[in-house]
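Every chain is numbered from 1 and lettered A, B, ... according to where its sequence line falls, protein lines coming before strand lines.
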Number of protein chains: 2
Amino acid sequence: MAITIYDVAREANVSMATVSRVVNGNQNVKPATRKKVLDCIERLGYRPNAVARGLASKRTTTIGVIVPDMSKSYYAELSRGIADVATMYEYNIIISNSDKSTSREVELFEDHLGKQVDGLIFMSDSISPEVRKEMKTANVPIVLAGTLDFETNLPSVNIDHEQAAYEVTKKLIDNGHKRIAFVSGPFTRDINRVCKRVGYIRALEEAGMMIDESLIVETDNTYDDAYESWNVLGKLSDRPTAVMTSSDEVAIGIMNGVRDENLRIPEDLEIICFQHSILARIVRPQLTAIVVPLYDLGAVSMRLLTKLMNKEEVEETEVVLPYYLEERQSVKK
Amino acid sequence: MAITIYDVAREANVSMATVSRVVNGNQNVKPATRKKVLDCIERLGYRPNAVARGLASKRTTTIGVIVPDMSKSYYAELSRGIADVATMYEYNIIISNSDKSTSREVELFEDHLGKQVDGLIFMSDSISPEVRKEMKTANVPIVLAGTLDFETNLPSVNIDHEQAAYEVTKKLIDNGHKRIAFVSGPFTRDINRVCKRVGYIRALEEAGMMIDESLIVETDNTYDDAYESWNVLGKLSDRPTAVMTSSDEVAIGIMNGVRDENLRIPEDLEIICFQHSILARIVRPQLTAIVVPLYDLGAVSMRLLTKLMNKEEVEETEVVLPYYLEERQSVKK
DNA sequence: CTGAAAGCGCTAACAT
DNA sequence: ATGTTAGCGCTTTCAG
């Protein structure tokens, strides 16, 4: 059996309450007593039982993170931001993968809530009614990280993907392109269908250009699928001379498809992508990209969650972080 | 206040013990009673408190994962393997980043143990005496994933990096190369210094070749540092014609360094790397590589841990998983 | 098959 | 400044 607070109390000839005070840094302890207790703790190798503490205090200092897939660099980077701020505020994180399944998301909410997490950070492609119901009935704060909610106004941290896509498209238009494609990730993802796609269309319409649906291609956001997508795009009689992609991995799929046709980037095709990893920087030519501050998205989400858990006043619960365009080699000068 | 087991008991006109039995799937409950209780649970929206359960049963169904950096694809992939098997056996995971700091690793052991995790999976570059002491005094099973321990024989899951490096080097020798470099990650990492480096040297010596220390380059395992390393290697009077790298990211650094000198791969330099991500496959030329089964490393580690936590008999606690060489384009046919 | 009761290890009033 | 005590919500004997 492990050492308990009782063992320490007996050893130090004080009550368990005093030991508890010492452990919790309560100032109402005479320095001499404190030292005596600390010595015993050291000597016995006492380690407070966080589970008992959690039951008694109703705070577990643990938060839950529900993410589609922690192995994807997008979420891995975001999660690292969460983890670092969590550490800073002395929280542990329980992380679970939903694989974007609504039923799994609901299960995970129940699971994490059952574990009495003090708060939750949720990421998903889109929010289903079932999940919204879970969030409504949860008794702890929830923050959406990089995840959109159009119905309600839950605390969230995002960048303005619509505006970013608009700017990317506009830049391509200004570069003289008439045929600009948008190779997207799945449209089941709000960020793609509702943000990037809409920004793309807004820029085209503003320039008085036609929307050609054959230039809007949905992929599953993987390299292989993107590579295939150029098989379609490249065979168009009037093929695109520029493309915006929803991620750097997709851009590289296009890029290799283009290269295997002996076309060149940026001479024959200009590419601007959303950057989610180191990929954009290490391929040649390097990819001009909207840099998405994934780490910060996670860090700010967690910071926001700490405020909510502390019941602090938060002026703005829907945070929008800045992004920027990094000019590299996939666009002509 | 949340619904407790008492509320359900009162509502169902049974004792809390019976509710507990129902919740825990105990067979000693009359079907009619079970149904009645289940109905009340449903109606009241009762959700068992895992913290109270953990305190009473001394099992939290949570395991700890200590990892250098969850944002690195290497560990992200490995962690996903852990997470999936954890889910399968109904465990949650608390994951923390050590950033390879020994003192942080020790803190995290204490932290996780304090949270009463039922087991731990540990990953690190090398095991320090302080950490070894933590592991010795821990009262729960610990599995090392992709991490070496030379002193003791803790449960672990690995691949044979030494043999893999030997085979890679031998293949390069058989291809006729006389100057073969090894661009490594940090030698503070046992896997590099003690395994890959040793396998590399073994192959050279077996072929009667000299060990030229200038061909062994230590990097911090990043793209940028690897790129710089070619500045050194490429300027050698008798420069290498082949190179083994400890990761695909490092290989790409070399590759771009080579390309910026207008040399070609594989004509002027052959490369074989250890593959830790999608990178090896999406760059051109694609990289011939030792495929490291990261996901499986994690999954098998977790499976092993479940057996240990169940006190099952385990015949072999030091598991070695197979790897294979994927021939692609960075080596001549 | 069901209930009563004793903890699990700690926090947080409430006393002193 | 320190001690006493009543829970926190559940599991787990032990009875019956």
Side-chain angles (χ1 to χ4, degrees), chain A residues 1-38 40-41 44-62 90 110-111 113-118 139-140, chain B residues 1-38 40-41 44-62 90 110-111 113-118 139-140:
Chain A
M1 211 56 267
I3 311 295
T4 74
I5 202 170
Y6 275 106
D7 302 317
V8 178
R10 191 179 331 110
E11 184 81 4
N13 268 309
V14 296
S15 74
M16 58 176 304
T18 299
V19 179
S20 177
R21 288 191 186 95
V22 170
V23 168
N24 292 296
N26 187 315
Q27 286 309 303
N28 290 337
V29 181
K30 196 170 22 166
T33 316
R34 175 185 309 281
K35 180 168 180 347
K36 186 172 58 175
V37 171
L38 252 15
C40 291
I41 287 178
L44 299 181
Y46 167 69
R47 180 193 296 136
N49 181 325
V51 173
R53 182 182 284 189
L55 184 58
S57 69
K58 304 187 167 308
R59 280 193 66 226
T60 55
T61 62
T62 299
E90 310 208 84
E110 287 297 316
D111 182 16
L113 259 16
K115 291 256 166 156
Q116 312 301 118
V117 294
D118 296 332
N139 50 346
V140 297
Chain B
M1 209 58 268
I3 309 296
T4 75
I5 201 170
Y6 274 106
D7 302 318
V8 178
R10 190 177 332 109
E11 184 82 4
N13 269 310
V14 296
S15 73
M16 56 176 304
T18 298
V19 178
S20 176
R21 288 192 187 94
V22 170
V23 168
N24 292 295
N26 187 314
Q27 286 309 305
N28 290 337
V29 181
K30 197 173 14 169
T33 315
R34 175 186 311 282
K35 178 165 182 350
K36 185 172 57 174
V37 171
L38 250 18
C40 292
I41 287 179
L44 298 181
Y46 167 68
R47 180 193 297 136
N49 180 326
V51 172
R53 181 182 286 191
L55 183 60
S57 69
K58 305 188 167 307
R59 280 193 67 226
T60 56
T61 61
T62 300
E90 310 208 83
E110 288 297 315
D111 181 17
L113 259 15
K115 291 256 166 155
Q116 311 302 116
V117 294
D118 296 333
N139 50 346
V140 299

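Straight-line distance from the CD atom of B:Gln116 to the P atom of C:dG9: 9 Å, rounded to whole Å. In this structure, CZ of B:Arg59 is placed 12 Å from P of D:dT11, rounded to the nearest angstrom. With rounding to whole Å, B:Ile41 atom CD1 is found 13 Å from D:dC10 atom C1'.
For D:dC10, the OP1/OP2 oxygens have no side-chain nitrogen or oxygen of B:Lys58 closer than 4.0 Å. OP1 or OP2 of C:dG3 lies within a sub-4.0 Å distance of a side-chain N or O belonging to B:Thr18.
In this structure, the salt bridge (charged side-chain N to carboxylate O under 4.0 Å, His left out) partners of B:Arg10, at least two apart in sequence or on a different chain, are B:Asp7. Residues that satisfy the side-chain hydrogen bond (donor to acceptor under 3.5 Å, both in side chains) test with B:Thr33, not counting sequence neighbours, are absent from this structure. Among residues two or more places apart in sequence or in another chain, the side-chain hydrogen bond (donor to acceptor under 3.5 Å, both in side chains) test is passed with A:Lys115 by B:Thr61, B:Thr62, B:Asn92. In this structure, B:Asn26 has no side-chain hydrogen bond (donor to acceptor under 3.5 Å, both in side chains) partners at least two apart in sequence or on a different chain. When the salt bridge (charged side-chain N to carboxylate O under 4.0 Å, His left out) test is applied to A:Lys35, the partners found at least two apart in sequence or on another chain are A:Asp39.
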Distance-only donor-acceptor hits, side chain of residues 44-53 of chain A, under 3.5 Å, sequence neighbours excluded:
unit_1	atom_1	unit_2	atom_2	d
A:Arg47	NE	B:Glu110	OE1	3.0
A:Arg47	NH2	B:Glu110	OE2	3.4
A:Asn49	OD1	A:Val51	N	2.8
A:Asn49	OD1	A:Ala52	N	3.0

Pairs under 3.5 angstrom only: tabulate donor-acceptor contacts from the side chains of residues 16-25 of chain A to other protein residues two or more places apart or in another chain.
unit_1	atom_1	unit_2	atom_2	d
A:Ser20	OG	A:Asn24	ND2	3.3
A:Asn24	ND2	A:Ser20	O	2.8

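Taken from CD1 in B:Ile3 to SG in B:Cys40, the straight-line distance is 11.0 Å, to the nearest 0.5 Å. For the atom pair A:Glu90 CD and B:Asp111 CG, the distance stands at 8.5 Å (nearest 0.5 Å). Interatomic distance, CD1 of B:Ile41 versus CZ of B:Arg34, reported as 10.0 Å (0.5 Å rounding).
Nucleic acid contact for B:Val14: sugar-phosphate only, since backbone atoms but no base atoms lie under 4.0 Å from a heavy atom of the residue.
Considering only heavy atoms from C-beta on, A:Thr60 comes within 4.5 Å of A:Asp118 through its side chain.
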| task | Quick one, give me the B/S/- string for nucleotides 10-16 of chain C, reading 5' to 3', where B means a protein heavy atom under 4.0 Å from the base and S means that only happens at the primed atoms, P, OP1 or OP2. | result | BBSB---
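Along DNA chain C, the nucleotide closest to B:Asn13 and the one closest to B:Leu55 are compared, and the more 5′ of them pairs with B:Asn13.
Terminal axes of the helix from C:dC1-D:dG16 to C:dT16-D:dA1 (five pairs each, C1' rotation axis) are separated by 30°, to the nearest 10°.
Contacts between residues 27-37 of chain A and DNA chain D, counted as heavy-atom distances below 4.0 Å, involve A:Asn28, A:Val29, A:Lys30, A:Thr33.
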